[in-house]
Each structure stands twice: as C-alpha cells, then as structure tokens.
2 protein chains.
Amino acid sequence: MKNFHANGKCPIRDVLSRLGDKWSMLVLVTLEANGTMRFRDIHNAIADISQRMLTVTLRILEADGLVSRKVYAEVPPRVEYQLTRTGESLMPHIRTLVDWAMQHMPEIVESREGH
Amino acid sequence: MKNFHANGKCPIRDVLSRLGDKWSMLVLVTLEANGTMRFRDIHNAIADISQRMLTVTLRILEADGLVSRKVYAEVPPRVEYQLTRTGESLMPHIRTLVDWAMQHMPEIVESREGH
DNA sequence: CCGGATCCTGTAAGATACTG
DNA sequence: CAGTATCTTACAGGATCCGG
C-alpha cells in the first residue's frame, strides 16, 4: 500500500506547510495581480489581514524566495514587494486550483447543504 | 487595484478553507493512490494522524462531496471510503502543485537557509 | 473494528500601542 | 510608512473513554 508518512521527504506536506496557511496564497495572488506593491497597498488589497499577520506572511515568503523585498532609504520609508521568478513559476498551478474551485463550488455547496 | 476581500465570493478563500487544513490533501492523495480504503487502512497510511482528526477530516470531505462513505451492516463493522467523481477531478490540479513543490523544494530550502 | 463524545492544551491569529 | 512588542483570544488538534 502506498502511504505518506512524515519522513521529512513528503512533498505534499512540504507544499502544505508553505501554502496551506491562512494568508500566503492570498498575498501571492494579490502580488501577481498588481505587480510591485508597497506594504500599505497589500494591506489595502487584503482588508481583513492584520498588520502583524501581513508582516509575518511576507517574511516567510521572502525567506522561501517566493517574494522579494526592496527597502528604499528614504523618509518616509518605502518598501516594495514583488514576486520572484520562483514565485511566478508557482502561480499557474495555483490558478488551476482556483479555476477548479470556481467551477465546482456550486456542487460542493449543494452537497454540503444535504449534510 | 485588484483586491481579494472576504466578500463571501472569493474562490481563493474557498479553496483554502477546504484544502488548507492540515490533513485534507493528505487523505485525498492517499485515497487516490490506493482506491477504496477502510478507515484502518487510511489510518495506517497516514501514521501520525489521530483517530479523531481522521474522523473529522473524512466527515468534512464527505459533506463536501469529495469522498464517499459506505457502511456495511456487518459484525465487525466495515466502512469503506473512496473518491467521488468530484474528488477525482480535483486530483490532477493537486498533482501539478505537488510536482512544482518537488521541483522547487531544493532552491526554497537553500533560500531559507540564507535567512 | 469503527468511530462518537468529551475534555484539554498549544499554537495561530487578532487587538492595541509604540518606534525608527 | 512600515513595521515591532506585548497581551489576549479562538480554534485546531491530541488524549482518552465509551458505545454499537
């Protein structure tokens, strides 16, 4: 039987721990849709994320090399975020997932109401 | 600017709240790899899931119409799970995401070590 | 053997206030 | 403007017992 133990090499667990949190995909999709964005722009685009969670999420995405962070030595300060090459290469796959969700959400909602 | 507010119609939030939890994708992938499985089989395939969380996850997937649940009136009891049509239609998209993860994980790990 | 029900806890996430 | 720091809360998830 095929199994998926947590032996440290399971790609499903990896991708989940990266993208499965509450905000990462949303930030990635927002950045893809708008290109380069400042912190405030992202915060406005995703209204109900807290400042703290946006910072945390961006730091993780930056550490993973999916998002680049550019600080300008100005007053007032300016920080710009955008997808890296690696980040961009991920987006088509997320899009197919989102397309599937849009297509099948009606039947899922219907199924859920029967339970 | 394009945004993604939680107006109840955002497909990204929908797909995330469905598949973003800790175990759903793992259960789906396990069922796809092995076909029809009993509760105990799934529990063995995913060693570190608790009995409770496997029950909860299967109930959600069943309610969403992604997994079917068949109870046999036997002693000892037997319950078989398998993917529905809808569930199967989702799997190719998950697979592309997993493939991407396998391909890019080395550079992600490397990037992470630099931070 | 398959799971439901209950209780409990750690971590993720929100609110708020403050700084370079 | 773009964050930190701190406190607090909510919920996911684990342990355990029980029942058909």
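Reminder, nothing fancy here: chain letters follow the sequence lines and each chain counts from 1. Keep in mind it's a predicted model, so treat the numbers as computed, not measured.
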**Complete:** With a 4.0 Å cut-off (strictly under) to non-hydrogen atoms of chain B, the first and last hit nts on DNA chain D, 5' to 3', are dG13(D) to dG20(D)
**Asked** Any idea which heavy atoms bring Met37(A) and Asn34(A) closest together, and the distance?
**Response** SD-CB, 3.5 Å
**Message:** Please give me the minimum heavy-atom distance between Val27(B) and Leu58(B), naming the atom from each residue.
**Reply:** CG1-CD2, 3.9 Å
**Message:** For a quick check, tell me whether the side chain of Arg52(B) and the base of dA5(C) share a donor-acceptor pair closer than 3.5 Å.
**Reply:** no
**Message:** With a 4.0 Å cutoff (strictly under), does any side-chain N or O of Tyr81(B) reach OP1 or OP2 of dC2(C)?
**Reply:** no
**Prompt:** What residues form a side-chain contact (heavy atoms from CB on, under 4.5 Å) with Ala33(A), not counting sequence neighbours?
**Reply:** Lys2(B), Phe4(B)
**Prompt:** Which whole-number value in Å describes the distance from Ile49(B) CD1 to dG3(C) P?
**Reply:** 13 Å
**Prompt:** Does Thr84(A) have any side-chain hydrogen bond (donor to acceptor under 3.5 Å, both in side chains) partners at least two apart in sequence or in another chain, and if so, which?
**Reply:** none
For residues 50-57 of chain B, which side-chain N or O atoms pair as donor and acceptor with protein atoms under 3.5 Å away, sequence neighbours left out?
from	atom 1	to	atom 2	distance (Å)
Ser50(B)	OG	Met53(B)	N	3.2
Thr55(B)	OG1	Gln51(B)	O	3.0
Thr57(B)	OG1	Met53(B)	O	2.7

**Asked** Under a 4.0 Å heavy-atom cut-off, which of residues 56-64 of chain A touch DNA chain D?
**Response** Arg59(A)
**Request:** Give me the residues of residues 19-34 of chain A where at least one heavy atom lies under 4.0 Å from an atom of DNA chain D, by number, or none.
**Result:** none
Report all side-chain donor-acceptor pairs from residues 107-114 of chain A shorter than 3.5 Å, counting only partners two or more places apart or in another chain.
from	atom 1	to	atom 2	distance (Å)
Glu107(A)	OE1	His104(A)	ND1	3.1
Glu107(A)	OE2	Thr86(B)	OG1	2.6
Ser111(A)	OG	Ala63(B)	O	2.6
Ser111(A)	OG	Gly65(B)	N	3.2
Arg112(A)	NE	Asp64(B)	OD1	2.9

**Prompt:** Where is the tightest heavy-atom contact between Lys22(B) and Leu16(A), given as atom of each residue plus distance?
**Reply:** O-CD1, 4.0 Å
**Request:** Could you name each residue pair satisfying salt bridge (charged side-chain N to carboxylate O under 4.0 Å, His left out) that touches residues 81-95 of chain A, not counting sequence neighbours?
**Result:** Glu32(A)-Arg95(A)
**Asked** Yes or no on side-chain contact (heavy atoms from CB on, under 4.5 Å) for Ser24(B) and Leu61(B), after CA distance, side-chain angles and deciding distance?
**Response** CA-CA 7 Å; Ser24(B) 292; Leu61(B) 293 175; 4.2 Å; yes
**Asked** Does Ala101(A) have any side-chain contact (heavy atoms from CB on, under 4.5 Å) partners at least two apart in sequence or in another chain, and if so, which?
**Response** Met105(A), Val15(B)
Pick out the pairs of N or O atoms, protein on one side and nucleotides 17-20 of chain C on the other, that lie under 3.5 Å.
none

**Request:** Only counting residues at least two apart or in another chain, list the ones meeting side-chain hydrogen bond (donor to acceptor under 3.5 Å, both in side chains) with Asp99(B).
**Result:** none
**Prompt:** Whole-Å distance between dA15(C) C1' and Leu54(A) CG?
**Reply:** 16 Å
Please report, to 0.1 Å, the donor-acceptor pairs under 3.5 Å made by any side chain of residues 72-81 of chain A, with sequence neighbours excluded.
from	atom 1	to	atom 2	distance (Å)
Tyr72(A)	OH	Glu80(A)	OE1	3.1
Glu74(A)	OE1	Arg78(A)	NE	3.3
Glu74(A)	OE2	Arg78(A)	NH2	2.9
Arg78(A)	NH1	Glu80(A)	OE2	3.0
Tyr81(A)	OH	Arg69(A)	NE	3.2

**Asked** How close or far is atom P of dA13(C) from atom CG of Leu16(B), stated in whole angstroms?
**Response** 11 Å
**Asked** If you measure from the Lys or Arg side-chain nitrogens to the Asp or Glu carboxylate oxygens, is any gap between Asp48(A) and Arg13(B) under 4.0 Å?
**Response** yes
